[in-house]
Novice: 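Dumping the structure here so I can ask a few things about it.
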Amino acid sequence: MFSIFRMIKGFAGIIVFVIFSSHGFVSAQVEIEIIADEGAKIPITVIPFQGEGDQAKLFSEIISSDLAKTGIFEVQGFDKTWSHSKLAADADYTDWASREVQNLVIGNFVKLDDGRFQAAFWLYDIPGQAMSVGYQIKDDPKQIRQMAHQFADLIYEKLTGDRGVFRTKIAYVVRKKDRSSLVIADSDGHNPNEIFVSKEPILSPRWSPNGSRIAFVSFLNRKAAVYIAPVNYKKGRANGQSVVVGPFSGSNSAPAWSPDGQSIAMAISEGGKSNIFMVSLRDQTRVQITNHRSINTEPNFSSDGKNLLFTSDRTGRPQVYQVPVNGGTEVRQTYTGRYNASAHYSHDDSFIALIHYDERKFNVGVQDMKSGVLQILTDGSRDQSPSIAPNGKVIVYASEAKGRGILRFVAKNGRAKLRYVGPRGDDLREPSWGPFIKD
Amino acid sequence: MTMKFFLVAGLVAALAGCASKTKTNADIEQRDLFDQSDRRSFEQTAELTDGLEPASETDLRAQQEELKQEFEREEQRLLEERTKFDEQNSSNQDELQRQAEIKRELSKNDSLLAQRSIFYDFDSSVIKAEFQPVIEAHGDFLKKYPSVTIRIEGNCDDRGSREYNLALGQNRAEQLKQALVLLGARAEQIDVASYGAERPLIFGVDDASRSQNRRSDLVYLD
């Protein structure tokens, strides 16, 4: 961690992308701070696509931005005079090699008679003199950003071996003066859409495993209650009215989806304690998981559905525990520091992301499940609500800048940090990263 | 008169029976006869009485009695109603007086009751000693006026997990409720709620603001 801080001072390159939403009501601004590291980056050159209109630049810009923001790629400049009219078969590798290009992306698009866009791209390995990927898609012109994200996903996967998350969505809460809204946006902050609005606070949005619903917490008659909003994941929009689960007497909060999407684990308060229950969404019957005279909250399912992480203050301070869903011993997971909470399993259960308090500030950390080693990734004073991307490579979390809530992204390896700032007057909080999109 | 006669006769008979252990048949017969004659005379008297005016007079008297009783019952009912009304009237007045009293006590600015919030250390639900007098004042008040209801709203500062803070706020409210119940308030008088870190009193990230946000509010309900 220390070396990362040194790197910030030494090599930090800050690229600022100011992006205005075409929908107008939320204009989000994404600032990207990429922290260089000793590790080599993958060089890539993305040439503007061939085609008529502004989209030519848009394709290459979106792909470049997606790749750069991972901190894994080094997007290289290009000369406008570089011809890219020769595609595929007659690509001149020696020309590109003389320009010191290693990984080359070229592409084109045409508008079809039925109004759709047909876009294609090719990724070339110049030193290897081979085409690595070629892909063509047809879609609604409104989906142009999604098309470019899909190309970026394919390039990312080819060159890193991991799945890309550029087409995934994030949900977060926007708090204005007396108004809270649950918003879904593309993972790069574009296309924000409100799916639930209330005068009451909103917290803890959680995507269902297939992205078709979001569970969240708001208040019903002054009591916290768990709601479920149906969602069209691809469009990033609400798909019906939100409904309340239960409500069960007391405070109902901290929803977590079981991997099969059939149940929700949640915290239900009773007297001076709060315990975790599994609630079946079919008949709303509930099964008690924890039974302790203390706070037990923030359940989170392992990807195999066998275990739950949760936060408990049974020792007097909040720490993270794990319990088998079907009953068994509750095992404490965190021993570093007096406050660890909001734990989430990674996609493969190999590590957990959590918030850690070191007597001065709250930061996001990752803890390896095998070794138990905790690594702090952030350096804000009040970082919270971490949510891991479905490929396990990036963590989105809530932070603040000048007293305003903003979202930040940090690569799991610490090599990239992004700031996601909402429009003036908006507090952004409680991010939750959605699942991979299913084609 | 007939009763007296029977008594005398019976006494005579008993004496007779006692006097001679060897009762003669004649003795018994005599006594029997004596009895029968007496019964006859009694029956005759009864027959006489039934057949003449006194019968209707009794009827009338019964009717009168019934009416009188009904009248008395009605009178009693009215009296009861009146008493009830008077009682209610005075209890309404009592109630109004109590309401005014409650209002007066709650609106006093300089009393302990005027303090409607207590504050906590970070990540703690422990009621600090300095707030004991305030809690006692509220506990006594709730005990004195069992019709008064309140809601305790637990709150936290903006640090740490929002969900944990929601539970912590609930804990703060519940602990305060327990303290008030121990002081004599009924559990039914107190509702608890938590807003966690969602409703700060003061928007600020300095220690002073945060200490104001770590609180339980006592909200008196109408």
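So you know, we letter chains A, B, ... as the sequences are listed, proteins then strands, and number each from 1.
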Novice: Sort B:Glu153 into side chain, backbone, both or neither according to what part of it lies under 4.5 angstrom from a heavy atom of chain A.
Specialist: side chain

Novice: Do you know which of B:Leu166, B:Leu168, B:Asn171, B:Asp158 has the most heavy-atom pairs under 4.5 Å to chain A?
Specialist: B:Asp158

Novice: Out of B:Arg172, B:Glu174, B:Glu198, B:Arg162, return the one with the most heavy atom pairs under 4.5 angstrom to chain A.
Specialist: B:Arg162

Novice: Is any side-chain heavy atom of B:Asp191 less than 4.5 Å from a side-chain heavy atom of A:Lys223?
Specialist: yes

Novice: Would you indicate whether B:Lys128, at its atom NZ, is surrounded by more than 12 heavy atoms from other residues, nucleotides or ligands within a distance under 6.0 Å?
Specialist: yes

Novice: Tell me, side chain or backbone of A:Arg317 under 4.5 Å from chain B's heavy atoms, or both, or neither?
Specialist: both

Novice: Are the ring centres of B:Phe122 and A:Tyr357 closer than 6.0 Å?
Specialist: yes

Novice: So, for A:Pro318 and B:Tyr164, which heavy atoms are closest and what is the spacing to 0.1 Å?
Specialist: CD-OH, 3.4 Å

Novice: Go through the atoms of A:Arg382 and report whether side chain, backbone, both or neither lie under 4.5 Å from a heavy atom of chain B.
Specialist: side chain

Novice: Go through A:Gly403, A:Gly316, A:Ser204, A:Ser180 and name the one with the most non-hydrogen pairs under 4.5 angstrom from chain B.
Specialist: A:Ser204

Novice: Should the heavy atoms of other residues, nucleotides or ligands under 6.0 Å from CD of B:Gln63 be counted, would the total exceed 12?
Specialist: yes

Novice: Which one, A:Ala341, A:Ala254, A:Ser274, leads in non-hydrogen pairs under 4.5 Å with chain B?
Specialist: A:Ala254

Novice: Relative to chain A, which segment of B:Gln170 carries a heavy atom at a distance below 4.5 Å: side chain, backbone, both, or neither?
Specialist: side chain

Novice: Flag the pair A:Glu200 / B:Tyr195 as yes when at least one side-chain heavy-atom distance between them is below 4.5 Å, and no otherwise.
Specialist: yes

Novice: For residues B:Ser161 and A:Tyr339, determine if any side-chain heavy atom of one lies less than 4.5 Å from a side-chain heavy atom of the other.
Specialist: yes

Novice: Just give me the residue among A:Lys273, A:Gln384, A:His356 that pairs up with chain B most often, heavy atom to heavy atom, under 4.5 Å.
Specialist: A:Gln384

Novice: Just give me the residue among A:Ala398, A:Ser294, A:Gly271, A:Ser381 that pairs up with chain B most often, heavy atom to heavy atom, under 4.5 Å.
Specialist: A:Gly271

Novice: Report the residue from A:Thr297, A:Ile295, A:Thr311 that forms a side chain to side chain contact (heavy atoms under 4.5 Å, CB included) with B:Glu163.
Specialist: A:Thr297

Novice: Are there more than 12 heavy atoms of other residues, nucleotides or ligands under 6.0 Å from atom CD of B:Glu101?
Specialist: yes

